[in-house]
Amino acid sequence: MSTNQSNITLTGLARRFVDDGLLDEAAAKDAFLQASQNRIPLITYLTQNNLADSSKLAFSAAMEFGVSVLDLDSFLPEMMPEKAVDEKLIRKHNALPLYKRGNRLFIAVSDPTNIQALDEIKFNTGLSTDAVLVDDAKLRGAIDKYLESQDTTMGDLDDADLEGVETEGGEQEDDGAVSATEVDDAPIVKYVNKMLLDAIRGGASDVHFEPYEKTYRVRYRTDGILKEVSRPSIKLAPKISARVKIMAQLDISERRVPQDGRIKMKLSKTKAIDFRVNTLPTLWGEKIVLRILDPSQAKLGIDVLGYEEDQKEMYMTALEQPQGMILVTGPTGSGKTVSLYTGLNILNTHERNISTAEDPAEINLEGINQVNVNTRVGLGFAEALRAFLRQDPDVIMVGEIRDLETANIAIKAAQTGHLVLSTLHTNSAAETLTRMMNMGVPSFNIATSVSLIIAQRLGRRLCSCKQASDIPKDVLLKEGFTQEQIDTASRCSARTAVINAMVDTKAASVYTRWSRSPTSWRT
């Protein structure tokens with residue numbers, strides 16, 4: 001123990017955390033000292049450095065001060081007052097205005113001892129302030145979302161909506177092409193703009209622009225289901241296609257072969273969304289599909305991915321290994337990339353050299369060397385992997401193992417002191433081994449290199465027509481719920497409590513049936 005630590009007497013929250021078994025004495029003194037030197041609350045320091053679980057810290061602080069903990073996940077963002085507190089104060093004190101009642105402003109804080117925050121906000125707003133205790137990790141995420149929503153309003157469209165979008169390229173024309181001047185007309189710009197912004201606001205993963213003989217439609221894929229959202233005139237099809245292609249820096253005169261491009265849309269000072277664009281010549285024109293790529297998804301944290309505790313522990317253990325191979329399998333759009341990038345974000349430190357080869361790179365992360373493969377110039381996954389091995393790597397991510405050559409190089413990398421992450425298209429974790437053997441990979445190489453295989457799917461959400469419903473006790477008991485869980489459900493909202501109970505009991509059959517049949521929740 002250092003001299004500085006020996007002079008520290010733990011009191012208040014620090015002592016409570018030690019008594020509750022969240023920290024040992026030495027770690028608590030060191031954290032208290034570092035937090036004081038950095039002038040940040042002790043809880044924030046512990047959470048940011050992963051020294052203790054943020055939810056346990058919140059409950060421990062609540063017991064110390066005799067207050068309740070508010071779950072921000074259950075709080076409606078619409079209740080938050082707009083621009084009630086200056087952004088600098090929110091960032092400085094890690095405090096979020098929750099709601100206002102008369103002359104009283106309720107502030108979410110993770111440290112109940114942060115009286116200075118309440119005093120400064122009270123002085124700045126002229127309102128009486130009351131503290132509401134919340135989880136520190138959830139608070140920081142909620143603050144980012146709140147400030148982003150205050151920074152931009154996606155519902156109001158004007159000519160400056162795409163100010164941050166790259167629109168260069170595609171100026172060559174042929175006799176039948178739509179001119180760039182035409183597609184810069186205000187109505188076309190605003191229409192395409194509205195479709196993209198509405199897709200982001202609605203949480204869509206893909207946008208489909210589809211021409212047919214006599215009709216044209218736009219569809220969004222939301223929660224795995226395609227839904228039609230617009231039917232513009234078929235006469236606008238060439239202009240819409242040309243407008244999107246110009247934004248993606250594609251050749252608007254080339255309509256005979258597929259093209260790939262990218263759009264970067266700046267929503268605010270702190271948030272930008274990327275679109276991966278692909279065009280496909282069809283019988284009646286070009287179908288264009290945009291995949292929405294949100295970089296913030298990679299920073300959601302492993303707790304948001306939906307893993308059970310034992311699954312999360314296995315993933316974290318595999319990530320801590322200095323070598324080996326982690327494979328994520330599942331159908332297109334099942335979130336494999338998000339799972340891999342969540343792992344990469346955990347590994348992304350100053351001590352590691354991380355390189356990725358993707359087709360194309362979907363999520364941009366600072367500190368990671370990302371390479372887009374380009375088979376037309378001879379840069380495939382295998383070539384990129386060979387180059388990585390000469391770049392002194394610690395961690396390598398391969399977008400997909402498609403052939404024997406890529407598989408062999410990836411396995412050799414995993415066997416020679418590198419951690420390799422990749423994806424495969426198989427229906428289950430067990431079939432991944434069979435798939436690799438069918439590729440021609442020797443079984444002994446698979447056994448000595450593969451550390452973990454994750455097979456994942458997207459769980460269907462209930463649709464917007466869902467309503468709370470009283471479910472008879474005998475039905476719940478028949479499906480495997482305990483009497484204790486049913487009693488808990490009776491004290492909470494039916495929907496939230498039942499879903500939580502489903503997760504606790506792993507009643508997958510009930511969850512699957514109800515989630516696929518939203519009418520089961522109707523009263």
Side-chain angles (χ1 to χ4, degrees), residues 166 168-170 172 245 247-251 254 256-264 274-281 288-293 295 298 323-329 332-333 336-341 343-345 347-348 352-426 432 435-436 439-441 445 449:
E166 300 292 340
E168 297 178 359
Q172 300 176 8
K245 289 168 71 175
M247 292 165 59
Q249 303 187 36
L250 301 178
D251 185 357
E254 180 56 76
R256 300 164 298 175
V257 297
Q259 296 187 66
D260 290 294
R262 200 178 185 96
I263 297 173
K264 189 176 186 66
D274 288 342
F275 294 84
R276 190 180 70 196
V277 184
N278 177 264
T279 70
L280 178 68
I288 300 179
V289 177
L290 295 86
R291 168 65 58 88
I292 301 175
L293 309 172
Q323 64 183 39
M325 180 181 289
I326 300 174
L327 297 173
V328 182
T329 74
T332 301
K336 298 189 296 295
T337 301
V338 172
S339 294
L340 285 181
Y341 265 97
L344 288 179
N345 196 47
L347 297 171
N348 189 13
R352 291 188 179 95
N353 176 23
I354 304 176
S355 298
T356 73
E358 301 166 81
D359 185 21
E362 295 188 3
I363 298 174
N364 298 327
L365 277 184
E366 185 75 21
I368 294 180
N369 309 293
Q370 298 172 277
V371 175
N372 282 332
V373 301
N374 188 344
T375 55
R376 287 178 296 180
V377 298
L379 178 59
F381 285 116
E383 289 76 17
L385 271 173
R386 288 194 187 94
F388 289 166
L389 294 176
R390 294 190 290 270
Q391 291 273 320
D392 184 30
D394 296 301
V395 180
I396 295 173
M397 197 272 269
V398 186
E400 182 183 351
I401 295 179
R402 298 175 178 172
D403 51 53
L404 177 59
E405 185 181 14
T406 304
N408 282 333
I409 300 174
I411 284 177
K412 288 177 182 177
Q415 292 173 332
T416 54
H418 307 93
L419 182 61
V420 180
L421 294 82
S422 188
T423 69
L424 272 175
H425 285 286
T426 59
T432 303
R435 166 74 172 145
M436 295 183 73
M439 280 184 176
V441 180
N445 275 342
S449 60

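Note that the coordinates shown come from a computational prediction; the quantities given were computed from them, not determined experimentally.
Phe275 has its side chain out of reach of Leu293: every pair of non-hydrogen atoms, C-beta onward, lies at least 4.5 Å apart. Side-chain atoms of Glu358 and Met397, non-hydrogen and from C-beta on, do get closer than 4.5 Å to each other. Here the side chains of Thr329 and His425 are not in contact, with every heavy-atom distance at 4.5 Å or above. A 4.5 Å side-chain heavy-atom check between Ile354 and Asp394 finds every atom pair outside the cut-off. Taking the side chain as every heavy atom from C-beta outward, Val441 and Asn408 approach each other to under 4.5 Å. Side chains of Arg256 and Pro281 form no contact here, defined as non-hydrogen atoms less than 4.5 Å apart.
Remark: the backbone N or O of Gly417 is paired with a side-chain donor or acceptor of Gln323 at under 3.5 angstrom. For Gln370 (side chain) and Ala357 (main-chain N/O), no donor-acceptor pair under 3.5 Å exists by modelled atom type. Although no hydrogens or angles enter the test, the distance criterion places a donor-acceptor pair under 3.5 Å between the side chain of Glu383 and the main chain of Gly380. Counting only distance, with no hydrogens or angles, the side chain of Ser422 and the backbone of Val398 share a donor-acceptor pair below 3.5 Å.
Between Ile396 and the choices Leu389, Leu419, Asn353, the side-chain contact (heavy atoms from CB on, under 4.5 Å) rule is met once, by Leu389.
With respect to Asp359 and Arg276, no salt bridge is recorded, no charged nitrogen being found less than 4.0 Å from a carboxylate O. One finds a salt bridge joining Arg262 and Asp274 here, because a Lys/Arg side-chain nitrogen approaches an Asp/Glu carboxylate oxygen to under 4.0 Å.
For the residue pair Leu385 and Ala410, the shortest heavy atom distance occurs at CD1-N, 4.0 Å. Shown here for Arg435 and Thr426, the closest heavy-atom pair between the two residues is CB-CG2, 3.7 Å. For the residue pair Thr279 and Lys245, the shortest heavy atom distance occurs at CG2-CG, 4.1 Å. In terms of heavy-atom proximity, Asn348 sits nearest to Gly367 at OD1-O, 3.5 Å. Nearest heavy atom pair, residue Ala413 against residue Val420, reads CB-CG2, 3.9 Å. Of all heavy-atom pairs spanning Leu340 and Val328, the tightest one is CD2-CG2, 3.6 Å.
In this structure, OG1 on Thr423 lies 5.0 Å from CD on Glu400, to the nearest 0.5 angstrom. How far CD1 of Ile288 is from CG of Asn278: 9.0 Å, rounded to the nearest 0.5 Å. Here CG of Leu421 is found 4.5 Å from CD1 of Ile326. Values are rounded to the nearest 0.5 Å. Atom OG1 in Thr406 sits 11.0 Å away from atom CD1 in Ile411 (nearest 0.5 Å). Here the straight-line distance linking atom CZ of Phe388 with atom CD1 of Ile409 works out to 11.5 Å at 0.5 Å rounding.
Under 3.5 Å, the side chains of Gln415 and Asn445 contain a donor-acceptor pair of N or O atoms.
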Checklist line | Audit row: Glu405, Arg386, side-chain contact (heavy atoms from CB on, under 4.5 Å) steps and yes/no | finding: CA-CA 11 Å; Glu405 185 181 14; Arg386 288 194 187 94; 2.4 Å; yes
Next item on the list: Determine, stepwise, if the pair Met439 / Ile401 fulfils side-chain contact (heavy atoms from CB on, under 4.5 Å).
Entry: CA-CA 10 Å; Met439 280 184 176; Ile401 295 179; 4.1 Å; yes
Next item on the list: Test side-chain contact (heavy atoms from CB on, under 4.5 Å) on Phe381 and Arg402 and set out the steps.
Entry: CA-CA 9 Å; Phe381 285 116; Arg402 298 175 178 172; 3.7 Å; yes
Check: Leu344 and Ile368: side-chain contact (heavy atoms from CB on, under 4.5 Å), yes or no, with the steps?
Finding: CA-CA 8 Å; Leu344 288 179; Ile368 294 180; 4.0 Å; yes
